[in-house]
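Just so it is clear, the values below take in all heavy atoms, side chains as well, and ignore hydrogens, waters and symmetry mates. Order of the sequence lines sets the chain letters (A, B, ...), proteins ahead of strands, with each chain counted from 1.
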Amino acid sequence: VHPAAWTWENIAAMRAELQRMGLSLDWSREFATCDPAYYGQQQKLFLDLLRAGLAERRDAWVNWDPVDGTVLANEQVIDGRGWRSGAPVEKKRLSQWFLKITNYAPDLLAALDRLDRWPERVRVMQEKWIGRSEGARLGFALDTPTDGIGRVEVYTTRPDTLFGMSFLAMAPEHPLAASVAARDPAAAAFVAECRSMGTSEAVIEAAEKKGFDTGLRVRHPFLADVSYPVWIANFVLMEYGTGAIFGCPAHDQRDLEFARKYGLSVVPVVLPPGEDAAAFAVGDEAYVGPGTIINSGFLDRLDVDAAKRAAIDALARQGVGAGVTNWRLRDWGVSRQRYWGCPIPVIHCAACGVVPVPDEQLPVVLPDDVTFDRPGNPLDHHPSWKHVRCPRCDRAATRETDTFDTFVDSSWYFARFCSPHAAEPVARAAARHWMAVDQYIGGIEHAILHLLYARFFTRALRDTGHLDVTEPFAGLFTQGMVTHESYRGADGQWRYPAEVERRADGSVVDRATGEAVSVGRVEKMSKSRRNTVDPDAIIARYGADTPRWFILSDNPPERDMEWTEAGAAGAFRFVQRVYRLAEALAGDGRDDADIMPASFSPAARTLRRATHRAIAAVTEALEEFAFNVAVARLYELANAVADAEREPAGGEGMAWARREAVDGLARLVSPMMPHLAEEMHARLHPGAALLVAELPWPEAEPSLLAAEAVTVAVQVMGKLRGTIEMPPDAPAAMVLAAAEAEPHVAGLLQGKRIVKRIHVPNRIVNFVVAG
RNA sequence: GCCCGCCUGGCGGAACGGUAGACGCAGCGGACUUAAAAUUCGCGGCCAAUGGCGUGGGGGUUCGAGUCCCCCGGCGGGCACCA
């Protein structure tokens with residue numbers, strides 16, 4: 001299926017589903033990122049970034065499948081082999097477009113503190129990802145310069161441990177490693193082995209640590225007559241720091257494992273507090289804590305922090321190094337060698353170099369007539385699309401055939417929603433009105449990449465004159481996923497939940513054949529596991545409110561929820577129950593004009609208190625996004641109405657109190673079950689002018705929130721020994737006296753001396769006793 | 001390997017450092033019914049039960065810990081080309 005047909009069909013299906021669920025969305029603002037009307041604006045943005053120096057082209061390593069002749073995503077590399085061809089994957093260097101997110105690293109970090117409506121854990125993850133560190137950059141002089149390379153630059157956060165050095169290690173992609181490999185076949189073989197490892201950091205860091213001794217040696221910056229071996233090591237990342245490190249095994253775990261494996265020396269230079277310098281040795285664990293410097297010449301007797309400063313000063317004086325701030329964050333590679341994406345709007349000209357597509361030629365539209373019969377990017381072998389004239393010199397030139405990472409599409413769509421049909425990317429006045437997004441919602445899997453890219457893009461759009469805000473999302477909520485049991489038949493094939501049946505004896509069988517089906521894990525709904533349920537079938541059976549209610553009621557929204565048939569049926573029962581309550585009152589002929597009775601029977605007062613406590617509790621729970629708690633409070637209110645039904649009829653004011661309760665139920669349930677709420681409202685208030693959706697949110701009557709009595713727990717030595725009933729806010733002396741008099745407690749206090757009395761008003765009393 | 005979370009009855013979960021298990025699901029028992037469904041009422045942490053033990057395990061802080069701190073275990077998210 002052509003990606004365009006597939007995509008538009010899915011959009012239509014999703015749109016219909018969202019509408020059937022009754023979600024209140026402004027469909028006049030709908031757009032699709034695969035529509036040239038959107039990605040054409042994105043191309044304009046990119047050219048602005050290019051002019052502002054926020055986009056540039058440089059070489060980067062990619063996973064290359066030599067058989068399929070295509071770039072592979074990390075996900076497509078399985079155990080070092082291409083997922084389709086099975087061929088060993090190689091790292092290959094390609095020229096790629098990058099967006100300079102690192103320009104904003106300090107601000108992206110500093111501004112995290114002000115995102116006070118973001119989850120703490122997301123902010124922590126971003127902080128670590130940006131990874132600011134203070135350290136030193138220093139050059140190690142090579143004994144024998146190679147190919148004009150006389151020094152190896154190293155970044156370290158531990159310049160205090162320089163005297164504990166036992167080797168220098170560089171990444172396999174390091175230029176010096178390439179020089180060595182060019183003349184040493186063994187080195188070349190090692191580099192090639194590393195190159196077969198793929199580009200993912202998880203794979204590199206989890207791999208067995210291996211190295212190759214180049215035979216080269218470097219001089220210690222502080223010890224003129226001492227030199228160290230230079231290794232190529234598979235765990236050194238070219239992307240971080242300078243692509244080379246000095247190894248200090250005594251105080252770095254990875255260096256220690258490497259040194260033990262290759263028999264390199266381990267010299268402790270930081271003495272932990274309380275240890276004896278003569279006796280201290282490093283075993284299987286590197287010592288990374290604080291301490292006093294030893295075995296380190298002029299750094300001896302300093303503490304770690306002072307030694308860092310002293311070492312940096314010395315390096316600077318010698319002109320071989322300096323203190324620097326380093327960032328873990330790397331620039332964002334946005335080039336993809338794929339068809340289905342937004343074309344990168346530049347033209348490559350042999351004479352003029354990279355030339356931006358002129359504004360009047362935008363959008364650069366993705367061609368529809370492509371073939372997928374050959375490996376590689378279809379745009380590359382399209383017969384005509386890439387052949388154009390250079391906008392500058394009019395000679396034959398070629399279009400860029402890379403498309404953007406789809407993360408680019410999602411990095412500014414929220415701004416486009418402010419003015420979805422504007423002729424420019426973002427209408428500034430509209431953006432000023434709507435931005436920032438008050439409440440953004442997404443899965444935790446977006447904690448770093450998407451949310452960081454969006455924060456970067458917002459800054460870049462601000463600096464290129466499109467936006468006035470710096471942060472895109474004022475509030476962030478990370479919701480869980482919908483999960484379901486999975487089922488597999490005897491034939492090993494997955495079965496859809498609709499295809500299986502749970503029998504009374506608990507066994508699960510195939511509906512069609514009656515054969516036993518094995519029940520697998522509860523996991524994220526996915527087509528491949530066939531553990532999905534069809535929303536249309538649910539809506540047809542229960543209406544839209546039942547799934548809405550069930551999804552909200554099952555668990556806190558930040559956790560995954562498990563869809564079960566029993567849970568859906570339970571939610572449906574509640575829908576029916578609440579509706580019956582409204583229907584029972586539909587014909588009673590009363591309405592809002594009814595005058596509130598002058599007094600209420602005890603039972604009616606109890607119901608009124610339940611109503612107003614529910615209003616307060618549901619309001620609070622909704623504001624905290626504790627939807628499952630709001631649901632529980634609404635069950636309690638429904639139960640309170642049922643309890644009141646059982647009271648003998650004719651209790652003073654009961655009819656009024658019951659109406660108030662059911663009316664409150666309709667109003668409180670409305671954000672979660674809007675259709676039910678309106679049905680109830682129409683029956684309770686025939687001919688009402690306004691919908692529930694148009695009415696103000698109910699407010700609790702404060703006088704009805706206070707309890708008539710509170711139960712105070714009484715503890716002796718922190719253990720619960722009894723409870724007493726007290727008027728609310730009773731004086732401490734009265735509560736303590738009553739607590740001491742409680743029969744069981746009094747028995748326990750007999751013959752003991754009370755050392756301390758703790759009283760927490762309306763909650764607890766605790767007696768601490770002696771003897 | 002590194003970063004970040006999570007762990008409470010049969011299950012989902014509730015609980016400003018203050019009576020652990022609200023509320024629901026499933027289960028069991030009763031009512032209603034010729035019967036079933038539906039509805040409705042009630043009962044459910046564990047144990048050698050006037051007491052003791054219980055929030056993944058072990059320690060600590062506190063009058064008091066599910067909640068705070070340290071260590072360990074298990075599970076999950078991310079690791080830059082899945083998006």
Side-chain angles (χ1 to χ4, degrees), chain A residues 60-63 71-77 96 101 119-129 131 198-209 235 239 253-254 257 328-338 405-407 409-410 443-450 452-453 478 480-481 522 550 553-556 558-562 564 566-571 573-574 576-577 580 617 626 628-636 638-639 642 645-646 711-723 744 747 755-769:
Chain A
W61 294 97
V62 295
N63 300 308
V71 176
L72 297 177
N74 285 334
E75 192 188 50
Q76 299 167 328
V77 180
Q96 311 258 292
I101 188 172
E120 174 71 11
R121 67 159 156 158
V122 173
R123 288 187 283 158
V124 171
M125 280 193 263
Q126 291 216 348
E127 180 190 330
K128 306 267 180 174
W129 185 262
T199 59
S200 123
E201 195 174 310
V203 169
I204 293 169
E205 293 220 24
E208 187 195 350
K209 286 163 194 41
F235 64 89
E239 288 83 9
Q253 192 59 34
R254 283 194 306 194
E257 284 163 27
R328 209 184 76 95
L329 184 65
R330 308 202 298 258
D331 279 330
W332 174 15
V334 292
S335 286
R336 298 291 180 273
Q337 295 69 41
R338 307 200 185 282
D405 178 2
T406 55
F407 266 129
D409 304 336
S410 57
I444 189 64
E445 70 274 18
H446 293 303
I448 294 174
L449 294 182
H450 163 62
L452 199 56
Y453 292 151
T478 56
M481 294 175 297
V522 173
F550 176 40
S553 68
D554 193 52
N555 60 358
E558 65 271 20
R559 294 201 203 165
D560 288 351
M561 75 93 51
E562 185 189 350
T564 61
R573 275 200 298 276
F574 185 71
Q576 299 299 315
R577 202 177 137 201
R580 277 195 304 271
N628 57 324
V629 178
V631 164
R633 299 296 163 249
L634 287 166
Y635 271 104
E636 283 171 352
N639 290 344
E645 302 282 334
R646 284 205 301 285
T711 305
V712 175
V714 184
Q715 298 182 336
V716 178
M717 298 298 283
K719 285 196 187 291
L720 180 70
R721 299 303 178 184
T723 59
H744 192 191
V755 181
K756 200 170 178 184
R757 296 174 169 82
I758 287 144
H759 173 231
V760 180
N762 299 326
R763 289 212 174 260
I764 208 163
V765 167
N766 186 15
F767 294 111
V768 184
V769 298

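To the nearest whole angstrom, the two P atoms, one in B:G29 and one in B:U19, are 35 Å apart. On the C1' atoms, B:G18 is 25 Å away from B:U50, given to the nearest whole Å. When the P atom is used for both B:A35 and B:G51, the distance is 46 Å, rounded to whole Å. The separation of B:U55 from B:G66, taken at their P atoms, amounts to 7 Å, rounded to a whole angstrom. Rounded to whole Å, the C1' atom of B:U39 lies 48 Å from the corresponding atom of B:A83. Atom name C1', nucleotides B:C53 and B:A49: the rounded distance is 12 Å, in whole Å. With C1' as the reference atom, B:G21 and B:C46 are 13 Å apart, rounded to whole Å. B:U62 and B:C70 have their C1' atoms separated by 16 Å, with the value rounded to a whole Å.
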Task: Reading 5' to 3' through nucleotides 78-83 of chain B, protein heavy-atom contacts under 4.0 Å coded B for base, S for sugar-phosphate only, - for none - done: SBBBBB

Task: Summary of protein contacts for nucleotides 14-24 of chain B, nucleotide by nucleotide, where a base hit scores B, a sugar-phosphate-only hit scores S (4.0 Å, heavy atoms) - done: S-B-BB--BSS

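Looking at A:Val768 and A:Met717, their side chains come closer than 4.5 Å, going by heavy atoms from C-beta outward. Counting heavy atoms from C-beta outward, A:Gln126 and A:Arg121 have side chains that stay 4.5 Å or more apart. Looking at heavy atoms from C-beta onward, A:Thr199 lies in side-chain contact with A:Asn74 at the 4.5 angstrom threshold.
The CG atom of A:Asp560 sits 16 Å away from the C1' atom of B:C11 (whole-angstrom rounding). Atom NE2 of A:His744 and atom C1' of B:G52 are 13 Å apart (whole Å). With rounding to whole Å, A:Arg721 atom CZ is found 13 Å from B:G64 atom C1'. Rounded to an integer number of Å, the gap from A:Glu205 CD to B:C3 P is 10 Å. The CE atom of A:Met561 sits 14 Å away from the P atom of B:C25 (whole-angstrom rounding). The distance between atom CD of A:Glu127 and atom P of B:G5, rounded to the nearest whole Å, is 11 Å.
The CD atom of A:Glu120 sits 10.5 Å away from atom CE of A:Met125, with the distance rounded to the nearest 0.5 Å. Rounded to the nearest 0.5 Å, atoms CZ (A:Arg559) and CD1 (A:Ile444) are 13.5 Å apart.
A:His450 meets the ring-ring contact (aromatic ring centres under 6.0 Å, His included) test with A:Tyr440, A:His446; sequence neighbours excluded. Applying the salt bridge (Lys or Arg N to Asp or Glu O under 4.0 Å) rule to A:Arg573 yields no partners; only residues at least two apart in sequence or on another chain are considered. Remark: A:Asp405 engages A:Arg336 in a salt bridge (Lys or Arg N to Asp or Glu O under 4.0 Å) (not counting sequence neighbours).
Using a distance-only test at 3.5 Å, with no hydrogens or angles considered, no donor-acceptor pair links the side chain of A:His744 to the main chain of A:Gly722.
Between the side chains of A:Asn628 and A:Asp554, no donor-acceptor pair is found at a separation under 3.5 Å.
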Open item on the list: Could you write out RNA chain B as dot-bracket? Rules: Watson-Crick or G-U wobble, both distances under 3.5 Å, brackets [ ] for crossings, | for pairs with another strand, dot for unpaired.
Closed with: (((((((..(((.....[....))).(((((.......))))).(((...)))..(((((..]....))))))))))))....

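Between A:Trp332 and A:Tyr453, the angle of the ring planes stays under 30°, which puts this pair in the parallel group of the 30/60° scheme.
Salt bridge A:Glu208/A:Arg254: absent, no basic N to carboxylate O contact under 4.0 Å.
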TODO: Give the intermediate values and the outcome of side chain to side chain donor-acceptor pair (under 3.5 Å) for residues A:Arg577 and A:Asn639.
DONE: CA-CA 10 Å; A:Arg577 202 177 137 201; A:Asn639 290 344; 2.5 Å; yes

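B:A36 has its base anti relative to the sugar, with a glycosidic angle deviating from 0 by more than 90°. Base orientation of B:G9: syn (glycosidic angle within 90° of 0). In B:G44 the base sits syn relative to the sugar, since the glycosidic angle is no further than 90° from 0.
One finds a side-chain N or O of A:Lys719 lying less than 4.0 angstrom from the OP1 or OP2 phosphate oxygen of B:C53.
In this structure, A:His450 reaches neither bases nor backbone, as no heavy-atom distance under 4.0 Å exists between it and the strands shown.
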